[in-house]
Amino acid sequence: MKTLGAGTVLASFAGTPLLRNFAQAATTGASIESLRANAGRWIASTCQGCTSWCPVQLRVIGNHVVDVRGNPHSKANHGKICPRPHLAIQQMYDPDRIKMPMKRTNPKKGRGEDPGFVPISWDEAIGTIADKMMELRANDETHKYLFMRGRYSYLRDIIYSAMPKVFGSPNGISHSAICAEAEKFGPYYTEGFWDYRDYDLENTRYVLCWGADPLASNRQVPHAINVWSKVREQAGIAVIDPRLSATAAKADHWLPIIPGEDGALAVAIAHVILSAGLWSREFVGDFKDQQNRFIPGESVDETLFNEVHTHGVVKWWNLELKDRTPEWASERTGLPAEQIRKVAIEFASAAPRAISWLSPGAAMQARGGYSAMAAHALNGLVGSVDHLGGTLQKTKVVAEDIPDFSDYIDELAAKNGKQKKIDQRGRLEFPALKSGKSGGGVVTNNTADAILNEDPYDIKVAIACWSNFAFSCSGSDRWERALAKIPFFAHITTNASETTQFADIVLPAAHQIAEKWSFLKNKQNLHGYSSLTEPAVKPIWDVRQDETEIPWMLAEALAERGFDNLHRYYKNEFADPETGKKPSNGSEFALAAVKMLTRPCWDSSHADHGKYGDALQGWDEFAEKGVWNSKRYQTQEKWGHFKTATGKFEFYSETLKKALEGHAKKNGTNVDAVMAATNYLARGEQAFYPHFEPALRHGDAEQFPFIFFEHRSRLNREGRSANCTWYQEHKNADPGDENWDDVLKMNPVDAARLGLKNKDSVRVTSPSGAITVHLKLWEGVRPGTVAKCYGQGHWAYGRVAAADFKHHQPLGGNNNELLPAEYERLSGSTARHGGTTRVQVTKIA
Ligand SMILES: Nc1nc2c(c(=O)[nH]1)N[C@H]1C(S)=C(S)[C@@H](COP(=O)(O)OP(=O)(O)OC[C@H]3O[C@@H](n4cnc5c(=O)[nH]c(N)nc54)[C@H](O)[C@@H]3O)O[C@H]1N2
Ligand SMILES: Nc1nc2c(c(=O)[nH]1)N[C@H]1C(S)=C(S)[C@@H](COP(=O)(O)OP(=O)(O)OC[C@H]3O[C@@H](n4cnc5c(=O)[nH]c(N)nc54)[C@H](O)[C@@H]3O)O[C@H]1N2
Ligand code: SF4
Ligand SMILES: [Mo]
């Protein structure tokens, strides 16, 4: 990275072995490169720049992390990384980090109010929180305690699950529904898999990306960028994205769809596959006489078809697909009918080694539940599900759960823990049907309204960790008001983000990459893995590990105040599995916890040791290698027993039917009423199969002429990159974007019509908010739409992320101030995609 020149390195590591090596190089003539390459130790860690959670190694010299690379022991990313772990190092050494606990001195809360934070001791900070929590116990209202979790590791349950439940609150609220739950809805209600898929890129012959941009984002970037030249040689690539993404720029076809119309395209592709006779005979089955009766416009007699591993293909054709021609879809999607037909035929002809790759882009839309199903159902039609070169589920990654804590839940906690959850999940308008259950998932963003309306009750004490809902949730102004309303709020964070501005107590968190113990589980490249994170260096500042040390300290403080159940649970149920020693402080607790939960990876006395993958010999080997690899994924083992209601891949989802009917019954009504309450137009049976729904948009076309949509940055570490100079310095790595800026991209045709030019300052206004940014004329968005990257517009966070940190002036604008708090309600998700809002763009003189 060019901003970190040799001078900076030398200055900051003076006296370290590296510097001595440089001095030596000057006298011995050895190349500086070779010395540089061999200096320091490589220590295992996990990158948490995105949900890929790649096993990495950090090069540590003295007490400094100076470099990062992929962990060569990992079969998932085989020693590769994307650009973003480098930013993690910058984040860790960010001078704007919170360096010690702080308390608020200005009781007034709001944007622009200086919180007046002053340093305090850890004892005072933790004691203050414990006092507030004890008030809830004394008043029999422990359910009014709320814990908000954003990003996490698999030690999360200590603070997110055990702590609220033992204390007596149902309110562990995660960020999942602002992330990608609507995406999981697609594979769940077709093949019974509530998760992200893996993809057999090595063997594929076609990749059809639905908003997925695997070269820059989504969930396996290192593997994808490493294998993509091979994919390009041997496979066709088509990208459905309103924006010319990095992947679209290298694809055979770019389909710049009108945002939110993915459902129309997906059913048209299905129509072509069936009418052209290109479905999988092996997976789906065939007509008894092998004559293709899928003739456009004509219904088919169900009894003439023998279905094999799927359910309802003829029904789907009759009820939805028969009239969904490419010509019909062309009008909705803005794509040429010929292109739709061609892509459908290429995809199906390459199958079953073909991938229909669904991303949040085509799912996290107000009516995205059914487009997610439709896009994923294409894999079912062509038999690429759980198939060589196709879309896969996952292998088993061994790990233990945290120890059972039910014995530590006292009467009060048991009673209040059964109160309704604050996010209103399971109500008629919020089915949140995770894994088939009404209210099974979280409705993250609705928590703000629930707090504001005190419905089902008021929240009195809240803690947020590694989350920034005042920035990351659409309709973010509601969060500003909700956080201001909570009488006592503490934030566990590395940076003084937007959310922190509302805190009464700020607890400085150890940075994820090298200051704490944790582990992560995931998959890439047909291998699951468990990846360790180690405190590779001693933190420079007075920080604590968020998921272990901090709850331990809180438990201790609660015990001192008369409620010792949580402390007894942490103290008695956790022990170092090698020595049997129980923890006596937070840092021992962290190490005991990570060793206990990862034990099956490395302890030969564990029943699962070596059964599903690597058989690491002892903790030391795991700590040294940092990663446990699963065996390679075996395809076609799921065929015949998908976890759906029928055991088949469902084009007519009996699984969804059951879930919707269950939800309707619970709310004393019928499925039509559920559809109406969740903003879907489907009525009757339509609710049970993937079908077309028109996009839902806020704002009328007259006043707000542009459809606004957004995308991630190849350099975004979720919402946490903007304070890194390397991020700003390389922002133009995103097609169409500019360094040190946050531009709104508009097609030159539209700009010419409005008399707008490059770099104009423009006011972008939606029905719910407005931001001011620079304009960029760019052919990578279609006329009538405008796009902006997500991740900037921080009015708090640090000096780099803000234009003027002191005066709360953002650099760029936060998309969540434009986006309304709209939902894909069947999954409880926030609808950030699909062109949910229209905007007006006006030049600022
Ligand atoms: N408009 C729009 N909104 C989005 C998205 C989008 O693409 N567009 N993306 C969505 C998605 S997919 C997700 S997953 C969410 C993420 O949203 P959040 O879960 O809210 O996470 P971040 O915005 O990344 O912010 C995390 C906060 O934690 C703190 N922090 C940073 N590093 C650390 C650390 O190492 N440890 C601890 N304890 N704290 C830390 C900082 O205060 C930081 O602001 O945002 C969602 N919001
Ligand atoms: N670089 C990077 N990678 C990441 C992350 C990150 O922060 N940065 N975060 C990780 C996380 S937390 C998550 S949840 C995943 C998200 O996974 P991604 O697949 O990256 O999802 P998004 O960024 O939400 O959606 C991306 C695409 O949808 C397109 N899009 C917008 N509207 C529409 C539409 O109506 N139709 C279609 N077809 N496309 C549309 C956008 O142009 C964009 O290219 O990524 C993970 N990977
Ligand atoms: S893909 Fe995500 S987890 Fe992997 S190296 Fe890149 S940012 Fe880190
Ligand atoms: Mo996410």
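If you're wondering where the values come from, they're calculated on a predicted model, not measured in any experiment. Counting starts at 1 for both ligands and their atoms, following the listed order.
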Peer 1: So does C54 have any N/O/S atom less than 2.8 Å away from atom 2 (Fe) of ligand 3?
Peer 2: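 Coordinating: no.
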Peer 1: Of the protein's non-hydrogen atoms, which lies at the shortest distance from atom 34 (C) of ligand 2, and what is that distance?
Peer 2: G361 O, 3.2 Å
Peer 1: Do P259 and R243 come close enough that some side-chain heavy atom pair is under 4.5 Å?
Peer 2: no
Peer 1: With heavy atoms under 4.0 Å as the rule, classify the contact between A216 and ligand 2 as side chain, backbone, both or neither.
Peer 2: backbone
Peer 1: With a 4.0 Å heavy-atom cut-off (strictly under), which part of P85 contacts ligand 3: side chain, backbone, both or neither?
Peer 2: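 Side chain only.
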Peer 1: Specify the protein heavy atom at minimum distance from atom 38 (N) of ligand 2: its residue, its atom name, and the distance to 0.1 Å.
Peer 2: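 For atom 38 (N) of ligand 2, the nearest protein heavy atom is D262 OD2, 2.7 Å.
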Peer 1: Whether R712 and D213 form a salt bridge (side-chain N of Lys/Arg under 4.0 Å from carboxylate O of Asp/Glu) is what I want to check.
Peer 2: no
Peer 1: Tell me the contacting part of S245 for ligand 2: side chain, backbone, both, or neither, using a 4.0 Å heavy-atom threshold, strictly below.
Peer 2: neither
Peer 1: Yes or no on salt bridge (charged side-chain N to carboxylate O under 4.0 Å, His left out) for E202 and K230, after CA distance, side-chain angles and deciding distance?
Peer 2: CA-CA 7 Å; E202 206 105 30; K230 188 169 181 215; 3.7 Å; yes
Peer 1: Between D737 and K745, is there a side-chain N and carboxylate O pair less than 4.0 Å apart?
Peer 2: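 The answer is yes: the pair qualifies as a salt bridge.
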Peer 1: Counting non-hydrogen protein atoms only, what is the nearest one to atom 13 (C) of ligand 2? Give residue, atom name and distance.
Peer 2: R219 NH2, 3.5 Å
Peer 1: Taking the six-membered ring of W42 (Phe, Tyr or Trp), confirm whether the NZ or CZ of R69 is under 6.0 Å from its centre and within 45° of its axis.
Peer 2: yes
Peer 1: Can you report which non-hydrogen protein atom sits closest to atom 39 (N) of ligand 2, along with the distance?
Peer 2: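 Going by distance alone, atom 39 (N) of ligand 2 is nearest to P242 CD, 3.3 Å.
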Peer 1: Out of the candidates K434, K184, K394, only one should pair with D195 under the salt bridge (charged side-chain N to carboxylate O under 4.0 Å, His left out) rule; please name it.
Peer 2: K394
Peer 1: Under 4.0 Å from a heavy atom of H711: give me the atoms of ligand 2 that qualify, with their elements.
Peer 2: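 In order of number, 41 (C), 42 (O), 43 (C).
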Peer 1: Using the ring of each side chain (for Trp, its six-membered ring), is F471 parallel, tilted or perpendicular to H794, with breaks at 30° and 60°?
Peer 2: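 Ring orientation of F471 relative to H794: parallel.
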Peer 1: Let me see the working for T493 and W466 under side chain to side chain donor-acceptor pair (under 3.5 Å), right down to the final yes or no.
Peer 2: CA-CA 6 Å; T493 178; W466 203 344; over 6 Å; no
Peer 1: Which atoms of ligand 3 are found less than 4.0 Å from any heavy atom of V221?
Peer 2: 1 (S)
Peer 1: Select one of side chain, backbone, both or neither to describe which atoms of N218 lie under 4.0 Å from any atom of ligand 2, heavy atoms only.
Peer 2: both
Peer 1: Identify the protein heavy atom lying closest to atom 41 (C) of ligand 2, giving its residue, its atom name and the separation to 0.1 Å.
Peer 2: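 For atom 41 (C) of ligand 2, the nearest protein heavy atom comes out as E710 O, 3.3 Å.
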Peer 1: Taking non-hydrogen atoms only, is S713 closer than 4.0 angstrom to ligand 2 via side chain, backbone, both or neither?
Peer 2: backbone
Peer 1: Could you identify the single nearest non-hydrogen protein atom to atom 35 (O) of ligand 2 and state the distance to 0.1 Å?
Peer 2: G260 N, 2.8 Å
Peer 1: Hey, are K788 and E710 close enough for a salt bridge, meaning a charged N less than 4.0 Å from a carboxylate O?
Peer 2: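 Here K788 does not pair with E710 in a salt bridge, since their nearest N and O are not under 4.0 Å apart.
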Peer 1: Give the ring-plane orientation class for F519 versus Y154, where under 30° counts as parallel, over 60° as perpendicular and anything between as tilted.
Peer 2: tilted
Peer 1: Between R367 and E822, does at least one N-O distance fall below 4.0 Å, as a salt bridge requires?
Peer 2: no
Peer 1: Strictly below 4.0 Å, N to O, side chains only: are R341 and E346 in salt-bridge contact?
Peer 2: no
Peer 1: Which atoms from ligand 2 have a heavy atom of F709 less than 4.0 Å away?
Peer 2: 31 (C), 42 (O)
Peer 1: Provide, to 0.1 Å, the distance between atom 5 (C) of ligand 2 and the closest protein heavy atom, together with that atom's residue and name.
Peer 2: R712 NE, 3.0 Å
Peer 1: Under 2.8 Å from atom 8 (Fe) of ligand 3, can any N, O or S atom of C47 be found?
Peer 2: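 Yes, since at least one N, O or S atom of C47 sits under 2.8 Å from atom 8 (Fe) of ligand 3.
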Peer 1: Mind checking whether R832 contacts ligand 2 via backbone (N, CA, C, O), side chain (CB onward), both or neither, at a 4.0 Å heavy-atom cut-off?
Peer 2: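 It is the side chain that touches ligand 2; the backbone stays farther off.
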Peer 1: Below a 4.0 angstrom heavy-atom separation, can you tell me which part of R84, side chain or backbone, both or neither, approaches ligand 2?
Peer 2: side chain
Peer 1: Students should be able to answer this: which protein heavy-atom is nearest to atom 25 (O) of ligand 2, and at what distance?
Peer 2: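 Protein heavy atom at minimum distance: H833 NE2, 3.2 Å.
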Peer 1: Which bit of R151 gets closer than 4.0 Å to ligand 2, counting heavy atoms only: side chain, backbone, both or neither?
Peer 2: side chain
